[in-house]
There are 2 protein chains.
Amino acid sequence: MDDHKGRHATIVDVAQAANVSVATAGRALGDYGYVRPETKKAVLSAARELNYKKNIAARALISGSAQTFGMIVSDLSSEFYSNIIKSAVNYSRMHGYCVLIYDTHESTAIEREAVAIFQKHRVDGIIIAPASMRNVGHLRDFVAGGGRIVQIDRRVPGLASDSVTLDNVGTAAACTMKLLAAGHRRIAYIGELDEVKPADLGRIVAEHAASARIKEGFAPSCQRLRGYLDAHRDAGVPVCPDLIGRTGHYSWEAARDATQAVLQHEPTALLTSDGLMTTGAFRAVRAAGMRIPDDISFLSFDDLEWLQLVDPPLSAAAQPCARIGEEAARILIGRARGAKEPLRPGYEHIQLSGSIVDRGSIRTIPVLA
Amino acid sequence: MDDHKGRHATIVDVAQAANVSVATAGRALGDYGYVRPETKKAVLSAARELNYKKNIAARALISGSAQTFGMIVSDLSSEFYSNIIKSAVNYSRMHGYCVLIYDTHESTAIEREAVAIFQKHRVDGIIIAPASMRNVGHLRDFVAGGGRIVQIDRRVPGLASDSVTLDNVGTAAACTMKLLAAGHRRIAYIGELDEVKPADLGRIVAEHAASARIKEGFAPSCQRLRGYLDAHRDAGVPVCPDLIGRTGHYSWEAARDATQAVLQHEPTALLTSDGLMTTGAFRAVRAAGMRIPDDISFLSFDDLEWLQLVDPPLSAAAQPCARIGEEAARILIGRARGAKEPLRPGYEHIQLSGSIVDRGSIRTIPVLA
DNA sequence: CTGTTAGCGCGTTCAT
DNA sequence: ATGAACGCGCTAACAG
């Protein structure tokens with residue numbers, strides 16, 4: 001217990017105390033190579049005595065790995081991301097990895113800084129939900145320098161990285177089909193859609209050319225729009241552009257306002273593009289004094305906890321947050337383990353699908369003869 | 001751009017490329033000592049050319065600091081902790097520090113592991129909401145070894161560390177007084193209270209001896225119970241033990257069940273001890289078909305986002321999450337900066353107070369003549 | 001099985 | 001103003 005005033009005991013101290021060489025001490029402590037059991041025992045007890053803690057920095061200097069991942073999200077405190085982080089952190093922990101966290105508030109500048117810091121820390125990989133689909137030079141540089149990235153939620157096309165995303169098109173289509181099957185013909189969609197110019201929106205809808213125009217490389221809200229349009233096309237139901245609410249930026253206030261505008265055009269159902277949009281849309285519906293599902297049906301993309309607490313509870317397409325985090329960590333661990341090989345040529349692109357939880361916020365409209 | 005197959009450029013590479021010594025390169029890159037401006041410029045451009053990134057591990061080996069904090073919470077994805085983490089991470093980032101995160105699911109074993117890992121990483125300090133008030137040997141060892149800790153939310157007595165907590169007693173008393181002032185005389189309280197044996201509960205209440213029995217060193221739910229009792233005593237209103245719901249462990253299901261039981265004893269108001277309890281209590285109220293505030297008034301400790309979304313919105317005592325995270329990081333940064341001194345003798349114990357947000361979920365009961 | 005030694009990349013003396 | 005050399009704590013070659 002004789003701590004040298006806060007200075008940590010080193011492997012040399014332990015070796016001396018156990019009357020062995022540093023190499024032997026290293027073998028005993030590191031659990032590798034040949035060490036006589038008794039010797040090992042002596043070393044370990046000396047280590048305990050001195051309160052010895054391995055210095056990861058020194059190890060990292062040699063091995064090049066500090067057994068650490070970096071994780072970058074745009075909003076750490078959102079229910080969606082915090083759940084993903086939780087599972088990624090836990091999975092990593094169980095496999096001996098720590099996680100450094102960064103919150104960018106959707107700022108590319110901070111994201112760039114995060115990547116730079118992580119490079120200095122020589123992280124074994126980065127899990128990131130890119131803030132922008134276009135401004136990704138720092139990410140390209142990172143992978144060019146040998147860094148490993150797993151993208152989550154969003155996927156930048158052409159970026160040499162693995163990814164774990166949702167089948168946005170398919171899940172949104174399933175949501176839309178559910179509403180269509182319930183007899184709805186005027187389904188509103190509220191999303192950020194900042195990549196779709198308002199001027200183009202009408203044309204895209206009119207042509208039902210979603211598949212051609214909204215390709216990979218768009219943010220989730222756009223891909224989900226595509227699912228919405230695809231479902232309409234497949235069902236032979238025309239889409240009214242006025243029912244598509246575009247916030248342009250990411251805030252619930254904007255979603256509320258967009259919804260308010262869309263409600264003027266008498267939709268019978270509302271589909272949101274994610275949790276924040278749900279919050280805004282729900283407020284707008286409430287403010288308008290409309291009742292769910294009698295006056296309007298509601299289907300939320302993202303299953304937030306409070307959806308079960310309002311009256312009536314709201315139906316939702318739930319994303320498998322825990323799996324997203326786990327898969328991302330799993331991929332990174334796999335790559336870190338097999339880092340000796342020159343890096344496999346291909347990348348994993350895992351697409352999970354959302355599951356619709358029906359809580360009764362969707363009204364079935366009787367078919368008019 | 002000639003990356004050596006993933007290997008990072010070192011300061012030696014940069015020095016060679018710039019035709020200077022490593023010492024000079026170090027001075028230029030580290031921004032210390034004397035360097036001729038032109039030389040510096042040359043070094044910096046060489047560094048950029050080679051995509052050089054300082055290796056923090058090497059720096060840490062010398063300075064003993066990796067400019068990193070550790071943070072340990074029991075539930076990363078709770079609204080309360082994720083908000084605290086967000087602000088702590090941001091504040092740390094702005095001051096050049098990274099944050100490693102651990103989620104313990106309230107497990108002391110994982111907490112112990114987290115501390116051990118953080119020691120290996122030679123973190124400059126740990127921000128932690130201790131999972132247990134008693135099982136804290138690993139924390140004592142950490143500070144005994146020269147480690148710095150800032151406790152948040154909870155505070156273990158006698159642990160040599162700073163802390164940032166809420167004035168639990170005062171805030172809970174204010175909540176209770178608000179309900180008393182509205183004319184309520186049968187106020188239920190739902191809390192975890194695992195440190196108060198059910199057998200003792202009756203006696204504690206009967207004696208109104210809270211101040212003497214529930215001292216520092218108890219978890220928040222107990223301290224808040226004390227505020228609840230103090231307010232009653234000060235107002236001269238007796239407390240009915242049947243109105244105190246004790247879950248014993250931390251889950252919303254338990255809170256729902258405890259509330260259900262308490263509702264049998266006809267409270268006119270409900271005070272919860274934190275966000276999770278609020279969720280459970282609210283579900284119980286809803287399940288019982290009671291209307292807020294007509295049948296029962298509701299005041300939540302912790303201001304969750306959804307409280308504004310239910311009908312009617314629920315009043316709450318809001319904790320200053322952002323400030324908690326900031327203050328914790330600020331203290332740690334201050335101590336890390338002044339680490340040369342043998343450590344100041346005293347510790348900071350910051351107590352913030354909650355602010356009550358009234359949204360109309362409290363009914364005013366007319367005084368009976 | 002164990003000890004000796006040489007770095008990992010950088011910061012920091014000292015000289016020059 | 002710049003360069004040479006040592007050391008932070010640990011692992012990995014070697015010898016023995």
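Because the structure is a prediction, the values reported are computed rather than measured. Below, chain A is the first sequence line, B the second, and so on; all start at residue 1.
As rounded to whole Å, 14 Å separates atom C1' of C:dG3 from atom CZ of A:Arg36. Note: OH (B:Tyr32) to C1' (D:dT2) measures 12 Å, nearest angstrom. For the pair B:Ile11 CD1 and D:dG3 P, the computed distance is 12 Å after rounding to whole Å. Here the P atom of nucleotide C:dC8 and the CG atom of B:Asp13 are 11 Å apart, to the nearest Å. Atom CG of B:Leu50 and atom P of C:dC10 are 12 Å apart (whole Å). Protein atom CZ of A:Arg59 is 20 Å distant from nucleotide atom P of D:dC8, rounded to whole Å. Taking atom CD of residue A:Gln119 and atom P of nucleotide C:dG9, one finds them 16 Å apart after rounding to whole Å. Separating the CD atom of A:Gln16 from the P atom of C:dG3 is a distance of 13 Å, rounded to the nearest angstrom.
Comparing C:dG11, D:dT11, D:dG3 by their nearest atom to the side chain of A:Ile62 picks out D:dT11. Closest contact between the side chain of A:Leu61 and the listed nucleotides C:dG9, D:dA13, C:dC10 involves C:dG9. In this structure, of C:dT5, D:dG9, C:dC10, it is D:dG9 that holds the atom nearest to the side chain of A:Asn55. Residue B:Ser21 places its side chain closer to D:dG3 than to any other of D:dA1, C:dG11, D:dG3. Candidate nucleotides C:dG11, D:dT11, D:dA1 were compared by shortest atom distance to the side chain of B:Lys54, and C:dG11 ranks first. Distances from the side chain of B:Thr39 to the nucleotides D:dT2, C:dC10, D:dT11 place D:dT2 closest. In the set C:dC10, C:dT2, D:dA4, C:dT2 carries the atom at the smallest distance from any side-chain atom of A:Arg27. Side chain of B:Val35, nearest nucleotide from D:dT2, C:dC1, D:dG9: D:dT2. Of the candidates C:dG11, D:dC10, C:dC1, C:dC1 carries the atom nearest the A:Tyr34 side chain, counting heavy atoms from C-beta on.
To the nearest 0.5 angstrom, A:Asp103 atom CG is 10.0 Å from B:Ser82 atom OG.
With respect to A:Glu348 and A:Arg330, a salt bridge is recorded, a charged nitrogen being found less than 4.0 Å from a carboxylate O. Note on B:Asp162 versus B:Arg335: salt bridge recorded, some NZ/NE/NH1/NH2 to OD/OE distance being below 4.0 Å.
If you look at B:Phe118 and B:Phe142, their ring centroids are not closer than 6.0 Å.
Sequence order on DNA chain D of the closest nucleotides to A:Ile56 and B:Pro37 puts B:Pro37 first from the 5' end. Between A:Val22 and A:Lys40, the residue anchored nearer the 5' end of DNA chain C, judged by the nucleotide with its closest heavy atom, is A:Lys40.
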TODO: Kindly determine whether B:Tyr97 and B:Tyr91 satisfy ring-ring contact (aromatic ring centres under 6.0 Å, His included), including the steps that lead there.
DONE: CA-CA 8 Å; B:Tyr97 285 84; B:Tyr91 192 92; over 10 Å; no

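No donor-acceptor contact under 3.5 Å links the side chain of A:Arg122 to the base of C:dG9.
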